[in-house]
Protein chains: 2
Amino acid sequence: MAADLSSARSPVRPVELDRTSPVPLYFQVASRLQELIEQGEIGVGARIENEVDLAERLGVSRPTTRRAIQYLVERGMLVRKRGVGTQVVHPKVRRPVELSSLYDDLVSADRRPRTEVLDLRVAPAPDAVAEALALAPGSEVTWIERLRYAGDEPLALMHNAIPVDLIRLEAADLAAYGLYELLRRAGFVPRIATQVIGARSATTAEARTLHEKRGASLLTMTRTAWDAGGRALEYGSHLYRASRYSFELNLSAG
Amino acid sequence: MAADLSSARSPVRPVELDRTSPVPLYFQVASRLQELIEQGEIGVGARIENEVDLAERLGVSRPTTRRAIQYLVERGMLVRKRGVGTQVVHPKVRRPVELSSLYDDLVSADRRPRTEVLDLRVAPAPDAVAEALALAPGSEVTWIERLRYAGDEPLALMHNAIPVDLIRLEAADLAAYGLYELLRRAGFVPRIATQVIGARSATTAEARTLHEKRGASLLTMTRTAWDAGGRALEYGSHLYRASRYSFELNLSAG
DNA sequence: GTCAATACTTTGTCATGACAAACTGAAAAA
DNA sequence: TTTTTCAGTTTGTCATGACAAAGTATTGAC
């Protein structure tokens with residue numbers, strides 16, 4: 001039994017790599033490995049074949065194999081040790097913290113998101129917001145206030161500021177789609193963000209809006225997002241009902 | 001002026017690469033680039049020299065240059081575009097979410113952490129904890145309850161469970177060092193973790209311990225951490241004073 | 001003047017080869 | 001028996017060379 005485990009090298013069946021495909025070879029290899037691990041054919045703790053042999057068997061170069069393995073290492077499925085080998089540490093992809101909006105999250109969790117646009121106006125940005133977005137003080141921003149429902153329950157009260165020259169937002173669009181979706185459609189893809197997560201008690205008005213008791217605990221999240229060109233896309237200051245929502249993170253260290 | 005910006009290629013002074021150093025070449029190159037960007041010698045928005053020229057000028061191969069650039073791309077400083085070039089998007093390193101303990105954070109923020117060990121015992125793990133740590137139900141764990149101060153103010157009430165066969169913990173050590181530091185010294189390096197951040201109101205007892213009013217908002221964080229071998233190291237369930245603490249995250253998307 | 005085709009630049013992918021460093025385990029020495 | 005040494009395994013680093021794909025800028029046709 002014990003001997004079995006130590007010899008549990010990858011029982012990979014012949015892999016069909018498609019060299020005519022636009023999908024890079026390293027990605028094809030990574031996908032195949034990921035599949036085997038997710039299906040449990042290579043168990044947690046088992047070592048996979050070494051890079052050199054794997055490369056030879058698949059008919060690709062070692063750098064290509066390395067890149068495929070690296071891809072899965074970055075996702076937290078594999079761990080490498082020099083002189084030892086590469087081991088499976090987790091059967092599922094541990095995604096890094098996602099850069100997605102609440103709307104996207106709810107859609108994928110099938111929680112029937114609905115959005116009510118409470119306010120939509122163009123106004124000068126307060127100093128703190130202008131600084132967060134790296135705009136000149138007093139620059140105009142589109143200011144949005146939305147109430148997000150999951151099913152029939154209010155879940156979050158969201159305030160956003162978007163540089164006014166970036167996109168023209170309509171209440172109808174905001175009610176139908178997430179802000180990030182609208183930004184993406186306009187060609188602005190959020191790539192980098194900083195978030196601060198905290199908590200505080202609800203004011204009377206906030207409690208009423210969110211169907212909570214006065215003084216109930218709320219999760220606060222402020223975020224600034226930039227696109228690949230370093231352009232500030234969005235500043236957000238959101239309130240979540242702590243009784244209905246929490247943030248889940250997967251971390252991995254070098 | 002505008003012409004100046006577009007021609008603002010990296011004014012890199014001759015870089016001294018040390019080929020005898022144990023520090024990898026790609027890392028030396030990355031460090032040098034990072035320095036130039038942090039010091040503003042390559043401004044945000046400016047394009048850096050293309051890979052081929054940079055490699056030639058530094059006297060290294062293109063893969064080495066690419067790896068250096070890739071390193072900074074992953075840290076959110078640079079963005080690459082095929083056919084265009086590589087651009088500076090942020091002058092500071094945007095670290096991914098750190099896998100460090102509160103103690104380490106406070107030390108680096110120079111906030112004089114102090115720890116009071118309220119409880120330290122060996123007991124069977126509750127089912128939820130055993131499951132989080134992937135232990136058999138009822139397995140013994142070392143159970144710790146600590147109160148963490150920053151300066152003279154209590155900041156967090158921390159509960160941890162550590163598999164009992166992993167490390168022998170002493171109250172004196174826990175008072176002097178962070179848990180992660182002790183784990184690392186024993187050879188267990190946390191590599192992967194999942195966290196859930198939420199909020200709730202303080203109970204009377206919690207409020208008293210943390211010098212808060214009854215019902216004050218607290219940030220909750222539960223975390224399970226694993227080492228590179230997939231061994232569960234630690235389960236933690238912590239309470240932070242929302243009035244004194246928040247979580248800061250830097251995210252980047254593919 | 002406007003639009004389309006073309007040339008050029010720059011990053012992306014892949015192969016081959018070589019040596020170094022870290023770890024493991026077995027053999028040899030104390 | 002215990003420790004040290006050494007050989008073998010495996011990942012880490014680096015070089016060179018080649019072609020592909022995407023984006024930009026220029027040129028030419030209309």
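Side-chain atoms are counted along with the backbone in the values below, which use heavy atoms only and exclude waters and symmetry mates. Letters A, B, ... are given to chains in the order of the sequence lines, protein chains preceding strands, and every chain is numbered from 1. Computed from a prediction, not measured in an experiment: that's the story for all the values here.
Counting any heavy atom pair closer than 4.0 Å across all strands shown, R62(B) reaches a base atom. Among the atoms of the strands shown, base atoms are found under 4.0 Å from some heavy atom of R66(A). Among the atoms of the strands shown, only primed sugar atoms or phosphate atoms (P, OP1, OP2) are found under 4.0 Å from some heavy atom of V60(B). Among the heavy atoms of the strands lying under 4.0 Å from P24(B) are primed sugar atoms or P, OP1, OP2 only; no base atom is included.
At whole-Å resolution of the value, CD in E51(A) and C1' in dG17(C) are 15 Å apart. When rounded to the nearest whole Å, the span between CD of E56(A) and P of dT16(C) equals 11 Å. Separating the CG atom of N50(A) from the C1' atom of dA22(C) is a distance of 15 Å, rounded to the nearest angstrom. Across the protein-nucleic acid pair, R19(A) atom CZ and dC19(D) atom P stand 16 Å apart, rounded to whole Å. Following rounding to the nearest Å, Q87(B) (CD) and dT11(C) (P) show an atom-to-atom distance of 11 Å. Atom CG of D53(B) is separated from atom P of dT9(C) by 10 Å (rounded to the nearest Å). Between the P atom of dT9(D) and the CD1 atom of I48(A) lies a distance of 18 Å, rounded to the nearest Å. One atom, CZ of F27(A), and another, P of dG12(C), lie 16 Å apart when rounded to the nearest Å.
Checking the phosphate oxygens (OP1, OP2) of dT24(C), no side-chain nitrogen or oxygen of R47(A) falls inside 4.0 Å. Regarding contacts with the backbone of dC14(C), every side-chain N or O of R67(A) stays at 4.0 angstrom or more from both OP1 and OP2. Taking side-chain N and O atoms only, T86(B) has no distance below 4.0 Å to OP1 or OP2 of dT10(C).
Here the nucleotide nearest the side chain of P63(B), chosen from dC14(C), dT11(C), dT16(D), is dT16(D). When the nucleotides dC14(C), dG12(C), dG12(D) are ranked by their closest atom to the side chain of L25(A), dC14(C) comes out on top. When the nucleotides dT13(C), dA15(D), dT13(D) are ranked by their closest atom to the side chain of Y26(B), dT13(D) comes out on top.
Partners of S31(A) by side-chain contact (heavy atoms from CB on, under 4.5 Å), not counting sequence neighbours, listed by chain and number: F27(A). For E170(B), the salt bridge (charged side-chain N to carboxylate O under 4.0 Å, His left out) test picks out R168(B), with sequence neighbours left out. In terms of the salt bridge (charged side-chain N to carboxylate O under 4.0 Å, His left out) criterion, R82(A) has no residue partners (sequence neighbours excluded). Not a single salt bridge (charged side-chain N to carboxylate O under 4.0 Å, His left out) links R19(A) to another residue, sequence neighbours left out. Among residues two or more places apart in sequence or in another chain, the side-chain contact (heavy atoms from CB on, under 4.5 Å) test is passed with V164(A) by V122(A), E140(A), T142(A).
Q34(A) contributes no side-chain N or O that, together with a main-chain N or O of L72(A), makes up a donor-acceptor pair within less than 3.5 Å. When atom types are taken as modelled, the side chain of E51(A) and the backbone of T65(A) share no donor-acceptor pair closer than 3.5 angstrom.
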Produce the list of close N/O pairs, under 3.5 Å, pairing protein atoms with atoms of nucleotides 20-24 of chain D; give distances to one decimal.
unit_1, atom_1, unit_2, atom_2, d
dA21(D), O4', R82(B), NH1, 2.7
dA21(D), O3', R82(B), NH1, 3.2
dG23(D), O4', R82(B), O, 3.4

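Atom CD of Q87(B) and atom CG of L78(B) lie 9.5 Å apart (nearest 0.5 Å).
Residue-to-nucleotide proximity on DNA chain C shows that, of V52(B) and T64(A), the 5′-proximal contact is made by V52(B).
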